[in-house]
Amino acid sequence: KHLPEYVAESANAIDKEVETYNFTSCQIYCYGPLLHTVQMAKLFPDSKTFVDMKLKASPEKTMELFEAFMASKNNAPTNDEIRKFVNDNFGDKGTELEVWSPTDWVENPAFLNLVNDPDLKQWGMDLNNIWKELGRKMKDDVHKNPEYYSIIPVPNPVIVPGGRFIEFYYWDSYWIIRGLLYCEMRNTARGMIENLMSIVQRIGFIPNGGRVYYWGRSQPPLLAGMVKSYVDFTKDDRFAINALEILEHEFEYFINNHSVQAKGHDLAVYRDSSKGPRPESYSEDVETAESFHTDEAKEDHYSELKSAAESGMDFSSRWYINENGTNIGNLSDAKTRSIVPVDLNAILYWNAKIIAEFHAKAGNVDKMAEYETKAQKIKEAIQAVLWNEEAGCWLDYDLINEKPRDYFVTSNLAPLWVKAYNISDTDKISASVLSYIEKNKLDTFPGGVPNTLYHTGEQWDFPNVWAPLQYIVIEGLDNIGTPEAQKLSKSWGHRWVKSNFAAYRDSRAMFEKYDAEKFGGHGGGGEYGVQKGFGWTNGVIIEWLAKYGHEISLSNTGAAGPNSRFVSLLGVTAIALIGAFAGRFIW
Ligand SMILES: OC[C@H]1O[C@H](O[C@H]2O[C@H](CO)[C@@H](O)[C@H](O)[C@H]2O)[C@H](O)[C@@H](O)[C@@H]1O
């Protein structure tokens, strides 16, 4: 399909056929016998490699060639023969993109003036430079012949997360865009938001990432939050008003496709609408499905895994429900669709609030009231189903066993971030949450708050720490506004900046995830190696350098590194010498 250009003024032109949208290249990259044959041959160390390769002929022609190939091999080709078929019919991965240096990049964004420590200031400059490494632009051929690629065409260049993630990711973009705004790159930020809007216009929702094989699932819906960030920075109310119909459409999509009833309330769960294993991790999913014995049970398992990927926390014991109703287990216990997640519902509440706020800007009083009412209903449901008086915090809810899941997950604190609670309860909630933090000993980890307290080897479990959830927790504690919560927020914010700096000083890299147990240590586990780059990590640090840079000093913290310690030592020695010299005169 040809890509319609996104125009802000015509943002209300949502394609009415969006629900039936199908990418032509899906027959190669999303499902079907070719995908199955190639991915089960495990030709590449990372399964994502194959689905990112370009087609040499049209999808239809490639399928014809594949059928002929299979027939010629009696439907049982060897791995070498499959490799030859791939080499003959596919080009290298990532060739559809070129590195793009953002045209609005500035050398010394003003946030750097807010950073006192010279090493941190230099780091801020380095991070600002990294945007140039993470910028990507699609080649013209993608727009002319989209069916030859798995990439979803978008009109504007993007900043990608980095490493194996060479396309946009939905929720990553929230923290990337905020980082860009702090770096004064408003056009790049706006272009990325307009890309996502153009996708809602064409497809009806925003997929997990910018590839057709992510078509059946989304990610935590933060487009409204991105538009709000842009509008808060630029004061461009017209942009907010023009975005309204798209934001409403995306919000309704989530509600319509993710709704469940719990204790008589409407809430949302993460859910996927496609069939089969994840194309980008195909053989991995087929292998974990081996413990299931019917096609239906396997299909259900794939769906649980893809729903976990929609949550952004793929994978984690957060999604396990074993036969005893606890979180002990492995991937075959994933029951994502039966767990009502705190974060998704808090974010949907925030969406409704933002849409109401934008309608107020437009003077649409009725629409504003309609979305305020929707927000209030979600807030009531969060309070009734997810707030847990005994734990003193919000907890995910298990629909199978009809009980709260009393396990620490960083996302339990998400309502603080978006204020999805009754403001009159502020003091009580603050005290409860602080004792929940104390009870779970969350302040004892040198490298940040771990995503969960359960060590499974999955990447969203202990001891891994992720920037977006550190942000949600730390900003949440700040937002609630009590002195005790703000004190803890600041101490955790400082610690995160210093720990990320220590990792950067030692490796010259920004990581996708970190290690709660080790100050300055990076994370690991899961189905791929730790990635460097890294979009959301950089975005969070840039924002917090702007926020805390005037009050953080690296001296005496162990975060300054050998050079700074040497400089400090020189400084102390110099002061001592000056003192001794001065003393001779005084005495
Ligand atoms: O290929 C495995 C999975 O990779 C992605 O997930 C991880 O990286 C994303 C990009 O930074 C991030 O948004 C997500 O939270 C991470 O878990 C992808 O999003 C998954 O769908 C995919 O299966």
Side-chain angles (χ1 to χ4, degrees), residues 29-30 39 44-52 93 134 136 150 152 158-177 179 196 206-222 270-274 276-286 288 302-316 318-319 331 334 336 341 343-344 347 409-411 451-452 456 458-461 464-472 510-514 522-540:
Y29 297 111
C30 309
Q39 291 294 50
F44 306 99
D46 183 343
S47 300
K48 185 173 182 296
T49 306
F50 170 64
V51 285
D52 293 350
K93 72 161 185 167
L134 298 177
R136 294 289 182 282
S150 64
I152 300 174
V158 295
I159 302 293
V160 300
R164 72 198 282 273
F165 302 114
I166 53 175
E167 51 283 312
F168 81 77
Y169 281 80
Y170 182 9
W171 75 321
D172 298 51
S173 300
Y174 175 78
W175 289 278
I176 291 173
I177 283 169
L196 297 176
I206 299 167
N208 180 144
R211 296 272 174 188
V212 296
Y213 52 77
Y214 289 132
W215 72 274
R217 60 186 191 257
S218 187
Q219 268 193 334
L222 288 171
Y270 291 110
R271 204 179 263 164
D272 173 83
S273 60
S274 65
R278 286 172 300 152
E280 77 285 9
S281 303
Y282 196 98
S283 59
E284 290 86 338
D285 289 2
V286 169
T288 60
Y302 297 142
S303 212
E304 301 296 2
L305 295 179
K306 286 178 287 182
S307 302
E310 183 176 80
S311 80
M313 288 194 193
D314 48 323
F315 293 110
S316 167
R318 181 182 183 196
W319 307 119
L331 284 181
T336 318
D343 50 350
L344 176 58
I347 290 170
V409 192
T410 45
S411 49
N451 201 54
T452 71
T456 60
E458 297 301 341
Q459 64 169 352
W460 284 88
D461 271 323
N464 283 347
V465 190
W466 295 76
L469 269 301
Q470 282 317 274
Y471 183 92
I472 287 174
M510 297 298 289
F511 294 94
E512 170 202 32
K513 54 200 173 231
Y514 289 84
H522 65 72
E527 64 189 24
Y528 57 83
V530 65
Q531 302 298 301
K532 295 175 185 170
F534 196 89
W536 58 19
T537 310
N538 304 0
V540 169

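Indexing begins at 1, ligand by ligand and atom by atom, following the structure's order. Residue numbers count from 1 along this sequence.
When only interatomic distances are considered, the shortest N/O to N/O separation between Trp460 and ligand 1 falls below 3.5 Å. Taking any N or O of Glu512, backbone or side chain, none lies under 3.5 Å from an N or O belonging to ligand 1. In terms of polar-atom proximity, defined here as any N/O pair under 3.5 Å, Trp536 makes no such contact with ligand 1. Polar contact check, Arg164 against ligand 1: a nitrogen or oxygen pair lies under 3.5 Å apart. Residue contacts with ligand 1: Gly312 is placed with a nitrogen or oxygen under 3.5 Å of a nitrogen or oxygen of the ligand (distance criterion only).
In Glu527, the part holding a heavy atom less than 4.0 Å from any atom of ligand 1 is the side chain. Counting heavy atoms closer than 4.0 Å to ligand 1, residue Arg278 contributes side-chain atoms (C-beta onward) but none from N, CA, C or O.
Using a 4.0 Å heavy-atom cutoff, Glu310 is absent from the residues neighbouring ligand 1. At least one heavy atom of Tyr214 sits closer than 4.0 Å to an atom of ligand 1. Within the structure, ligand 1 lacks Lys48 among the residues with a heavy atom less than 4.0 angstrom away. The shell of residues lying under 4.0 angstrom from ligand 1, judged by heavy atoms, excludes Met313. Within the 4.0 Å heavy-atom shell around ligand 1 one does not find Lys306. The shell of residues lying under 4.0 angstrom from ligand 1, judged by heavy atoms, includes Ser281.
Scanning the protein heavy atoms around atom 11 (O) of ligand 1, the nearest turns out to be Asp172 OD2, 2.6 Å. The protein heavy-atom contact nearest to atom 9 (C) of ligand 1 is Tyr169 CD2, 4.0 Å. Residue, atom and distance of the protein heavy atom nearest to atom 8 (O) of ligand 1 are Phe165 CZ, 3.2 Å. Considering only non-hydrogen protein atoms, atom 7 (C) of ligand 1 sits nearest to Tyr528 OH, 3.3 Å. Protein heavy atom closest to atom 3 (C) of ligand 1, with residue, atom name and distance, is Asp314 OD2, 3.2 Å. Closest to atom 23 (O) of ligand 1 among all protein heavy atoms lies Glu280 OE2, 2.7 Å.
Note on Asp314 versus Arg217: no salt bridge recorded, every NZ/NE/NH1/NH2 to OD/OE distance being 4.0 Å or above. By the 4.0 Å N-to-carboxylate-O rule, Glu167 lies close enough to Lys48 to be salt-bridged with it.
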Please test Lys93 against Asp46 for salt bridge (Lys or Arg N to Asp or Glu O under 4.0 Å), starting from the C-alpha separation and ending with a verdict. CA-CA 12 Å; Lys93 72 161 185 167; Asp46 183 343; over 6 Å; no
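Ring geometry for Tyr29 against Phe50 counts as tilted: the plane angle lies between 30° and 60°, on a 0 to 90° scale. Between Trp536 and Phe534, the ring-plane angle classifies as tilted under the 30° and 60° cut-offs.
Ligand 1 places these atoms under 4.0 Å from at least one heavy atom of Asn208: 18 (C), 19 (O), 20 (C), 21 (O).
For the residue pair Glu280 and Tyr214, no side-chain donor N or O sits within less than 3.5 Å of a side-chain acceptor on the partner. The closest side-chain donor-acceptor pair between Asp52 and Tyr213 falls under 3.5 angstrom.
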